[in-house]
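Here the structure is laid out as structure tokens; the discussion comes afterwards.
First the proteins, then the strands, lettered A, B, ... as listed; each starts at 1.
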Amino acid sequence: MAEEKLPTRAEDFAEWYNQLVVRADLADYAPVRGCMVVKPYGWALWENITSWLDGEFKKTGHVNAAFPTLIPMSFFEKEKEHVEGFAPELAVVTHGGGVELEEKLAVRPTSETIIGHMYSKWVKSWRDLPLLIVQWGSVLRWEMRTKLFLRTTEFYWHEGHTAHVSEEEAKEEMYRILDIYERFCFEEAAIPVLKGTKSETERFAGAQITTSIEAMMWDKRALQSGTSHYFGDNFAKAFEIQFLNKDNKLTFAQTTSWAISSRIIGAMIMVHGDDNGLVLPPRLAPIQAVVVPIFKNDAEKEKVMEVADRIFAELKTAGIRIKMDDRDNVSSGFKFNDWEMRGVPVRVEIGPKDVEKGSVALARRDKPGREGKTFVPQAGLDSAVSDLLADIQASLLKRATEYRDANIHNVEDFEELKQVVQDGWAFSYWCESRECETKVKEEAKATTRNIPFNQPDTEGTCVVCGKPSKRKAYFAKAY
RNA sequence: CGGGGCGUGGCGCAGUCCGGCUAGCGCGCUUGCUUUGGGAGCAAGAGGCCGUAGGUUCGAAUCCUAUCGCCCCGACCA
């Protein structure tokens, strides 16, 4: 460790984040600009995220498949808004095998086009629908400014692509997936996201409706953490996905797509992390508890390790993801700080005194330093640790929810909105016009995040122009 | 693309303005001894054609030219 302490979040949040990602051993910078290497610890976290989501998708009838990385450039021309949205950030392959290609190939930035193309071959009858396919993989977008996990040139995600017989069914699918995303964030990541509909200008390129989940980071900026889109027949028309319905009529399919990316790891870092490092929610943490044996000499080591090994085995049997830190080249104090940096939820410390007393020290990561330490009996430790993990999970969600609610302000006045979004979110009536949205963007340097599904019963007036407005929207600075 | 910064052992930097003799420092790494309940100490080691290519010069990390790359701040975006 070149530097021992992280910058505090208050000092320099961006620098805190940059250092933390590397020092928590989640990822490293790759030799190619804007690309990252996800290290084993970061990937283990990602695997826990993906396995939960994969399980939910399968429960709701989806299947996995793989489509190619390279997409003919002409495919992007077929949907007007889609090409406008993605053309600027495409990486394009111009040569193969040493010769210039007849048709240039795009490295996929998202797969609506190639999948649309394939769906047109596969969908002929209403009996072929719904088609519910998920692809797990990575995509490439030539972003101007990058940041590990939040916005990298290549990023990992799943993209669901579905085709349906009717508008109702497709919209149902969009909302079903958004609900899965919401549950994932609340129950697994302990991030209290807000569900809603994106404004017209914030919509995905080519979508008729974009819904999103939005999360508040520690610095009160918003992070779009997942999206679920309804395309109507836009892509079906562009790629000729047609089928004969029950009335023998040729009909365009209704399609959706949706995604959560490795960016969600960035969200977890920025929502739960503290000045000592990462804080991982127990349900997703690759290591839920670490055993740190403490000893001065070989005689002590023997006694301590006997107990430590037994406890390790007990906790492992109890189904806790556990790690033994028996390194003897670093001090105990170093280990404490090291595991705090890596965000491990629970630490079990066992020293000579504990061996005598039949106790261990339990340290909970959500309360760093000595404050989160208690001494508990060795007997029944498995259930004590399980209970503590559940408690930490609940506390993280509670803390994040209180923080979110304390920093969302009901604002009715434009001047006030401009102030509020400097350090929080505004929740205001909005007429949903493009003009007012642009004015907010230019004068407040904030964007509409989404229009939540849960709305007050009353109506109001637009925070910008004062016209009567039916719905309120969240306004915030966003990543 | 606009603005700023930077390329020197694995990492972080000093040295560059004002050229000079064995290119330093911190961290990490290796070995040994002492340590270990909140980021250990001492000692001995290993490790660098100074981003790349030209040029100026008796002599270049240092000056000149070109080139490549990275990071940060903006517009864009999951």
Side-chain angles (χ1 to χ4, degrees), chain A residues 1-6 12 14-15 17-19 22-23 28-35 84-90 109-110 138-159 181 198 201-205 210 212-215 222-229 257-267 276-277 292-298 300-301 304 325-341 347-355 357 359-361 363 368-373 375 441-442 445 447 478-479:
Chain A
M1 303 279 141
E3 304 139 276
E4 294 187 341
K5 288 231 185 269
L6 280 173
D12 187 345
E15 186 55 23
Y17 179 90
N18 287 340
Q19 283 194 25
V22 172
R23 289 176 64 183
D28 202 352
Y29 291 95
V32 176
R33 192 203 98 89
C35 290
E84 283 170 9
F86 283 101
E89 54 191 45
L90 286 182
T110 179
S138 70
V139 290
L140 215 74
R141 297 182 189 176
W142 217 261
E143 300 291 352
M144 300 298 172
R145 219 179 100 227
T146 60
K147 199 175 177 78
L148 294 183
F149 287 115
L150 283 191
R151 191 182 305 103
T152 45
T153 303
E154 181 180 19
F155 60 91
Y156 300 88
W157 72 350
H158 67 266
E159 42 179 327
Y181 288 170
K198 283 287 194 182
T201 57
E202 297 280 331
R203 275 205 301 250
F204 179 83
T210 286
S212 75
I213 46 173
E214 303 281 335
L223 187 76
Q224 180 173 304
S225 305
T227 47
S228 184
H229 317 286
S257 86
W258 25 275
I260 278 185
S261 76
S262 43
R263 165 182 260 195
I264 197 76
I265 292 175
N276 293 311
V292 180
I294 298 159
F295 45 80
K296 285 190 174 68
N297 49 47
D298 283 350
E300 281 186 3
K301 181 176 181 179
V304 168
D325 186 359
D326 55 4
R327 287 178 290 179
D328 55 10
N329 60 331
V330 292
S331 68
S332 308
F334 181 91
K335 291 179 185 179
F336 300 160
N337 287 290
D338 195 30
W339 293 113
E340 277 171 12
M341 182 68 78
R347 195 171 63 245
V348 183
E349 304 168 14
I350 306 163
K353 292 175 208 162
D354 296 302
V355 174
K357 294 184 201 161
S359 63
V360 302
R370 290 200 179 83
E371 191 192 336
K373 237 185 242 196
F375 287 87
K441 202 165 183 174
E442 285 172 358
K445 297 270 177 359
T447 52
Y479 275 98

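- Side-chain atoms of Lys335(A) come within 3.5 Å of backbone atoms of Asp325(A) as a donor-acceptor pair (strictly under, hydrogens ignored).
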* To do: Give the intermediate values and the outcome of side chain to side chain contact (heavy atoms under 4.5 Å, CB included) for residues Val139(A) and Trp157(A).
  => CA-CA 8 Å; Val139(A) 290; Trp157(A) 72 350; 3.4 Å; yes
* Which dot-bracket string describes RNA chain B (Watson-Crick N1-N3 plus N6-O4 or O6-N4, or G-U N1-O2 and O6-N3, all under 3.5 Å; [ ] crossing; | other strand)? -> ((((((((.[[[[.)....(...]]]].((((((.....)))))).....[[[[[..)....]]]]])))))))....
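- The Lys5(A) side chain lies nearest to G39(B) when the options are A78(B), G37(B), G39(B).
- Candidate nucleotides U36(B), G37(B), A78(B) were compared by shortest atom distance to the side chain of Gln224(A), and A78(B) ranks first.
- A40(B) sits 25 Å from C13(B) when the C1' atoms are compared, rounded to a whole Å.
- When heavy atoms are screened at a 4.0 angstrom cut-off, Asp354(A) is found touching base atoms of the nucleic acid.
- Listed nucleotides: U36(B), C71(B), G38(B). Nearest to the side chain of Tyr29(A): C71(B).
- When heavy atoms are screened at a 4.0 angstrom cut-off, Thr152(A) is found touching base atoms of the nucleic acid.
- Both Arg347(A) and Ala14(A) sit near RNA chain B, but only Arg347(A) has its closest nucleotide nearer the 5' end.
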What protein N or O atoms touch nucleotides 75-77 of chain B N or O atoms at under 3.5 angstrom, if any, and at what distances?
from	atom 1	to	atom 2	distance (Å)
C76(B)	O2	Glu143(A)	OE1	3.4
C77(B)	O2'	Glu143(A)	OE2	3.2
C77(B)	O2	Arg151(A)	NE	2.4
C77(B)	N3	Arg151(A)	NE	3.2
C77(B)	N3	Arg151(A)	NH2	2.8

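- For U31(B) and A46(B), the C1' atoms lie 10 Å apart once the distance is rounded to whole Å.
- Note on Arg327(A) versus Asp338(A): salt bridge recorded, some NZ/NE/NH1/NH2 to OD/OE distance being below 4.0 Å.
- Arg151(A) pairs by the salt bridge (Lys or Arg N to Asp or Glu O under 4.0 Å) definition with nothing, not counting sequence neighbours.
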